[in-house]
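One is the number of the first residue; the rest follow in order along the sequence.
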Amino acid sequence: MIDVIYMILRRLRVPLIILIAVYAISIFGLAIAPGVDPDGNPWRMGFFHATYVMSYTATTIGFGELPFPFSDQQRAWLIITIYMSVMAWTYAVGSVFAMTTDRTFRRTVARNVFRWQVKRLSEPFFVICGAGRSALALAQALDQLGHRLVVVEISDERATRFALNEFLSPPLILEADAVHPGSLKDAGIHRRICRGVIALTSDERANQTIAIGAKLLRDDITVIARVSDAEGATNLHAFGDVHAINPFQVLATNLSLDIAAPEVLRLEDWVTAAPGTPIPTRINLPKGKWVLVGYGRFGQTISATLDESRVGWKAIDPDRALAGEARLLRGDNSEGSLKAAGVARASVLVAGTDNDTINLSVTTIARRLNPDIFVIIRQNQSADRLLIDAARANLRVVQSQLVVREILQTLKTPMLGDFITLVRQRGNTAASQVIEHIMATVGNASPRNWAFHCDPTQPGLFNAFFRNRGGSALTIEQILRDPRHYETRLPALAVMLVRRGERVLLPAPSTELKPGDRLLFMGLESAQRLQLNFLEDPLAVDYVRTGIQRPRGWLFRRLDAWWTLRQERLGARKGHGKP
């Protein structure tokens with residue numbers, strides 16, 4: 001706020017000096033101008049009365065002559081001061097308007113308001129640097145998950161477009177360059193409720209700089225950056241615990257999974273999507289030769305995956321500067337080049353150049369030569385979405401969607417990454433079983449996922465593990481019951497149990513829980529909210545274990561304890577044969 005005050009004083013310094021000078025001269029002249037009182041005696045106005053008269057005369061020109069009718073000399077001086085003050089006020093007001101329309105001043109005020117809003121945040125939030133397609137898709141997904149957002153964007157046009165979208169909780173937006181550490185500081189990165197910084201600008205060097213700056217400002221924060229080249233990802237990994245998201249590598253991994261274990265890919269895409277997203281259909285990539293149109297970073301990443309999967313391929317690219325590769329044809333993406341690459345006998349075509357027009361043209365030619373070919377098309381511009389849809393490709397690759405899903409996998413629940421790794425290790429059969437169990441529990445919409453830590457320091461679990469009023473161990477099946485209605489089962493499923501480093505996929509409901517166990521649940525948001533009762537409320541745990549609703553009021557708890565003790569004593573007497 002100090003910088004705003006300083007800017008106001010600096011911009012209005014001359015108008016204020018002129019106003020003060022005009023008022024000082026006017027008051028002094030009015031005070032020394034000779035006047036006459038009602039009795040005809042000479043009278044001069046004091047400085048107090050002169051200040052009072054000038055206060056209303058210089059701004060409103062009204063209220064009359066006070067305290068006595070003015071003399072001709074006083075009226076003559078007032079004529080001069082009226083015009084002087086009108087010109088001074090016109091200049092001052094004009095300067096104020098000019099200052100308020102000045103871009104620098106408006107941004108300074110907006111930045112101060114932004115800082116104040118960030119300080120008032122009381123909920124956990126993420127800082128997103130950039131306001132492009134990926135940032136918008138991620139922001140809307142995080143908003144649906146209940147997270148507050150702070151966005152830093154250097155372009156006012158993109159920031160405005162971003163703010164016009166629908167959000168449950170509107171994000172706080174700062175128009176600034178996130179590369180500068182001061183912008184990250186203003187965004188609240190130093191606050192403990194800041195959960196992470198995500199760099200999604202269109203400049204990959206800027207993303208690396210933001211990620212490194214965020215780690216330097218706060219080492220314990222989660223930092224994610226989009227980087228499309230291996231060198232940048234290596235630099236970030238070498239610097240520290242920074243998650244580098246390479247959309248091309250994500251696609252390559254997905255294609256590899258679809259070739260080797262399609263159900264694993266289907267499950268991964270489903271559980272990392274925004275809540276409510278329908279379960280994706282199987283890609284079902286055909287077996288056979290691939291033709292890659294475009295052999296830049298996108299094409300080279302896919303070709304490396306195909307080599308690992310032992311799938312044959314040919315690539316077409318007109319760039320003579322590309323490194324030599326026996327399977328690369330120097331072509332112009334024409335029909336002749338596609339024929340030379342063998343598209344007529346190929347099973348899959350990848351239209352992966354950085355130009356949507358070329359990708360659409362190649363798709364049309366390939367379909368004419370081979371109507372049954374499976375087409376994977378790369379979409380580069382959001383404005384071309386309708387054209388890409390009209391091409392009816394079997395698989396559309398949009399970088400923003402790949403990036404968002406990979407980031408959500410990192411941010412949603414830390415255990416989710418371990419779960420996906422475990423499913424990948426188990427393969428298709430395990431993935432199919434998990435999908436069937438989830439769909440039987442919550443339907444075909446993407447479930448929420450959350451971790452449940454069996455922490456014995458929590459009030460509810462302390463009783464369950466150490467006081468054991470129900471006489472039996474706490475099980476997974478019990479914490480999947482409604483703490484309000486014992487007979488009702490929560491719409492959730494325990495998909496993984498972690499105990500002493502050992503991970504168990506789809507643990508049985510009868511599994512007994514131990515202190516320190518961690519569970520990954522998937523289900524509806526209502527189940528997540530109700531399950532929190534087991535951490536905070538010992539009576540809720542007792543209820544689902546015994547089926548008996550314990551009294552909550554102090555008086556009734558005392559009566560219940562007295563009655564329980566009395567029953568125990570009666571039982572002891574009967575055991576000793578006493579009447």
Study note, to complete from the structure: Taken in chain and number order and not counting sequence neighbours, the residues that satisfy side chain to side chain donor-acceptor pair (under 3.5 Å) with Glu268 are Arg424
Point to revise | Any donor-acceptor pair under 3.5 Å from Glu153 side chain to Ala131 backbone | key: yes
Practice item. For Glu487, enumerate each residue passing the salt bridge (charged side-chain N to carboxylate O under 4.0 Å, His left out) test, keeping only those at least two apart in sequence or located in another chain. Key: none
Check your understanding: Less than 4.0 Å between a side-chain N and a carboxylate O, is that true for Glu263 and Arg266?
Key -> yes
Point to revise | Distance in Å, Thr272 OG1 paired with Leu408 CG, rounded so as to fall on 0.5 Å steps | key: 7.0 Å
Review point. Does atom CZ of Arg392 have more than 12 heavy-atom neighbours, drawn from other residues, nucleotides or ligands, at distances under 6.0 Å?
Key: no
Review point. Hey, are Arg378 and Asn380 close enough side-chain-wise for a donor-acceptor pair under 3.5 Å?
Key: yes
**Study point:** Between CG on residue Asp332 and CD1 on residue Ile316, distance to nearest 0.5 Å
**Key:** 9.0 Å
Check your understanding: Could you give all pairs that pass the side-chain hydrogen bond (donor to acceptor under 3.5 Å, both in side chains) test and reach residues 414-423, with sequence neighbours left out?
Key -> none
Point to revise | Listed partners of Asp372 passing side chain to side chain donor-acceptor pair (under 3.5 Å), at least two apart | key: none
Review point. Under a 4.0 Å N-O cut-off, is there an ion pair linking Lys215 with Asp220?
Key: no
**Study point:** side chain to side chain donor-acceptor pair (under 3.5 Å) against Asp269, all qualifying residues, sequence neighbours excluded
**Key:** none
Practice item. Rounded to the nearest 0.5 Å, what's the gap from CG on Leu267 to CD1 on Ile279? Could you check? Key: 7.5 Å
**Study point:** Under 3.5 Å donor-acceptor, Asp356 side chain and Gln381 backbone
**Key:** yes
Check your understanding: side chain to side chain donor-acceptor pair (under 3.5 Å) between Thr222 and Arg195: does it pass, once the steps are laid out?
Key -> CA-CA 7 Å; Thr222 300; Arg195 292 291 183 259; over 6 Å; no
Enumerate donor-acceptor pairs with a distance under 3.5 Å from any side-chain N or O in residues 429-444 to protein atoms, sequence neighbours excluded.
unit_1 : atom_1 : unit_2 : atom_2 : d
Ser432 : OG     : Asn428 : O      : 3.1
His437 : ND1    : Gln433 : O      : 2.7
Thr441 : OG1    : His437 : O      : 2.8

Check your understanding: Quick check, are the ring centers of Trp313 and Tyr295 under 6.0 angstrom apart?
Key -> yes
Check your understanding: Taking 4.0 angstrom as the limit, do Arg205 and Asp203 come out as a salt bridge?
Key -> no
Practice item. Give a yes or no answer on whether the side chain of Ser183 reaches the backbone of Asp177 with a donor-acceptor pair at less than 3.5 Å. Key: yes
Practice item. Return the orientation label for the Phe298 and Phe248 ring planes: parallel under 30°, perpendicular over 60°, tilted otherwise. Key: perpendicular
Check your understanding: Short question: side chain of Ser347, backbone of Lys287 - any donor-acceptor pair under 3.5 Å?
Key -> yes
Check your understanding: Among side-chain atoms of Asn355 and Thr353, is any donor-acceptor pair under 3.5 angstrom?
Key -> no
Review point. Donor-acceptor pair, Asp258 side chain versus Leu285 backbone, under 3.5 Å?
Key: yes
Check your understanding: What class does the angle between the rings of Phe521 and Trp450 fall in, given that below 30° is parallel, 30 to 60° is tilted and above 60° is perpendicular?
Key -> parallel
